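Here is the structure we will look at.
Just so it is clear: chains get the letters A, B, ... in the order the sequence lines come, proteins before strands, and each one is counted from 1. This is a predicted model, so every value here is computed, not measured.
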Number of protein chains: 2
Amino acid sequence: MDRKKKLGQFIEACRHSGLKITPQRVAVYEVLLTREDHPTVEDIYNEVKKKYPFVSLATVYRTVETLEELGLIRKVAYWGSSVRYDANTSDHHHLICVQCGAIRDVEFCLDWTPPTNIQGYRVHKYSLHIYGVCPVCQAKEN
Amino acid sequence: MDRKKKLGQFIEACRHSGLKITPQRVAVYEVLLTREDHPTVEDIYNEVKKKYPFVSLATVYRTVETLEELGLIRKVAYWGSSVRYDANTSDHHHLICVQCGAIRDVEFCLDWTPPTNIQGYRVHKYSLHIYGVCPVCQAKEN
DNA sequence: AACCAATCTGCTAATGATTTTCAATATAGA
DNA sequence: TCTATATTGAAAATCATTAGCAGATTGGTT
C-alpha cells in the first residue's frame, strides 16, 4: 500500500541529499514502516539481521540518525532506557504501558491547539502521553 | 511553606518502610523540592555536594530510585540522554525546550480526562509534552 | 563493463549514564 | 552505650550509544 510510496519518498530524499541507497538503509526503514510498536535500535537490528546477518549494530544506529535527519522517522519520548523510533511523523499521540514499556499510537485526535507562546517558550508542537497497563500485561496479572 | 510538610511526609514514609533517614537522602529530596527545572541526577549531585562534599554520585542515584519507589518524586519522560526528576507528583504538564532540554511545568490545566480504557489499555494518567524553544535559547538566536 | 571518488559499512574501541559490589560507617531501637 | 541492619563512598561493571578507521559499496563516468 503506501509503504511503497514511503519507500519511494525515502529513495527520493536520499538522492536529494546525496546519500547512497544501501540495502541496510532500506531494510532499517522497512522495519520501521512495518512495525507498530515503536521499536528500539536493538529491536530493529534484530529484525534486519534476519535478512542481512552481517549488519552491524553501529550501522543501525547511524541509519536511524540519518532517517531522523531526513525527517522520515521520529524519536519517541520514552519510559525505559533505550530510545524508540516511530515512522509515523504525522501528529499523533502515544499510549505507553507502565509495566512493559510497549508504546502504541492512540487512534483518536485531541482537537486542541496550544497557544504559540507559553511562558515565553515559542511552541512548535505537542504530544500527549497516556500511561496505563497494556492488554498483555493485564492478562499476566490474573 | 509546604516544603516542611513534604519533608515531614518523607520522614514518615521512610519510617513506615523501615528506611533510615540519612542526611544524604534528606539533601537529595530537598534539592528536588527546591528546584523547578527537573534536574538530572548529575544536577542534584552537584547541588548536594555543596553541602556534603563527600557525597557519592552512586548515592544520589540510589536515593532518587528510593524516592521514586516511595512515590515522592517522578521520572520525567525526556528528550536528552539523562533522566530528569520531578518532585511535583500531581497531574501537570511539561514544556520542553528542543534546543537545550530545559523542562518547565506548564501553568495551566487542560480540562480533559481520558477514557479509563483506550484500545485495551487500562489508563492511569496522562501528560502533555509541549515542545518549543525556551526564552534563553531564543535570546541566543539573535 | 570497468573506473573512480566519495560515501558506507563492519569491527572495535571509546564514551556517558547508570548499576553493582563490597568493605567501612551511620542509624535506630534496645 | 551496644548491636543489628541499612546505607554510604569508591571503584569496577554494565548498558546504550557514538566515534575512528580500513576495507567494501554505490553511483556517476568513460
Does a donor on one side chain sit under 3.5 Å from an acceptor on the other, for D43(B) and H38(B)?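 Absent: no donor and acceptor within the cut-off.
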
For dT19(C), does OP1 or OP2 lie under 4.0 Å from any side-chain N or O of Y61(B)?
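Y61(B) to dT19(C) OP1/OP2: no side-chain N or O under 4.0 Å.
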
*side-chain N/O T59(A) vs dG10(C) OP1/OP2, d < 4.0 Å*: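 Looking at the OP1 and OP2 atoms of dG10(C), one of them is under 4.0 Å from a side-chain N or O of T59(A).
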
Rounded to the nearest 0.5 Å, what's the gap from CD on Q119(B) to CG on D105(A)? Could you check?
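Going from the CD atom of Q119(B) to the CG atom of D105(A) covers 8.0 Å.
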
| request: Give, for atom CD of Q138(B) and atom CZ of R122(A), the distance between the pair rounded to the nearest 0.5 Å. | output: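 One finds 4.5 Å between CD of Q138(B) and CZ of R122(A).
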
Can you find a donor-acceptor pair, distance only, under 3.5 Å between R62(B) side chain and dT21(C) base?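 Answer is yes: a donor-acceptor pair is held.
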
For a quick check, tell me whether the side chain of K20(B) and the base of dA26(C) share a donor-acceptor pair closer than 3.5 Å.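 No, no donor-acceptor pair under 3.5 Å.
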
So do W112(A) and L128(B) actually touch side chain to side chain, heavy atoms under 4.5 Å?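 Yes - at least one pair of side-chain heavy atoms lies under 4.5 Å apart.
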
Using whole Å, what does the distance between atom [atom2] of nucleotide [N] and atom [atom1] of [X] come to?
X: I21(A); N: dG28(D); atom1: CD1; atom2: P; result: 8 Å
X: L19(A); N: dA6(C); atom1: CG; atom2: P; result: 16 Å
X: E69(A); N: dT18(D); atom1: CD; atom2: P; result: 11 Å
X: L57(B); N: dG9(D); atom1: CG; atom2: P; result: 11 Å
X: Y85(A); N: dA16(D); atom1: OH; atom2: P; result: 14 Å
X: E65(A); N: dA16(D); atom1: CD; atom2: C1'; result: 14 Å
X: R25(B); N: dT8(D); atom1: CZ; atom2: C1'; result: 10 Å
X: R15(B); N: dT7(D); atom1: CZ; atom2: P; result: 14 Å

Exercise. Hey, mind stepping through L70(B) and L19(B) against side chain to side chain contact (heavy atoms under 4.5 Å, CB included) and telling me if it holds?
Worked result: CA-CA 10 Å; L70(B) 292 175; L19(B) 296 171; 4.1 Å; yes

Notebook entry, point to check: By a strict heavy-atom criterion of less than 4.0 Å, which residues belonging to residues 33-50 of chain B are in contact with DNA chain C?
Noted result: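 Heavy-atom cutoff 4.0 Å gives no residues at all.
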
With the side chain of [X] defined as its heavy atoms from C-beta on, choose the nearest nucleotide among [options].
X: Q24(B); options: dT25(D), dT7(D), dG9(D); value: dG9(D)
X: A58(A); options: dT12(C), dT8(D), dT26(D); value: dT12(C)
X: S82(B); options: dG10(C), dT18(C), dT27(C); value: dT18(C)
X: T22(B); options: dT7(D), dT17(D), dA10(D); value: dT7(D)

*Determine the sole option in F108(B), Y126(B), Y131(B) for which the ring pair (Phe, Tyr, Trp, His ring centres under 6.0 Å) test with H93(B) is passed.*
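Checked F108(B), Y126(B), Y131(B) against H93(B); only one passes ring pair (Phe, Tyr, Trp, His ring centres under 6.0 Å): Y126(B).
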
Extract all donor-acceptor atom pairs below 3.5 Å that involve side chains of residues 54-65 of chain B and protein atoms in other chains or at least two apart in sequence.
unit_1, atom_1, unit_2, atom_2, d
S56(B), OG, A58(B), N, 3.0
T59(B), OG1, R62(B), NH2, 3.4
T63(B), OG1, T59(B), O, 2.7

Exercise. Which part of the nucleic acid, if any, lies within contact of P53(A), taking any heavy atom under 4.0 Å across all strands shown: a base, the sugar-phosphate backbone alone, or nothing?
Worked result: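 Counting heavy atoms under 4.0 Å across all strands, no contact is made by P53(A).
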
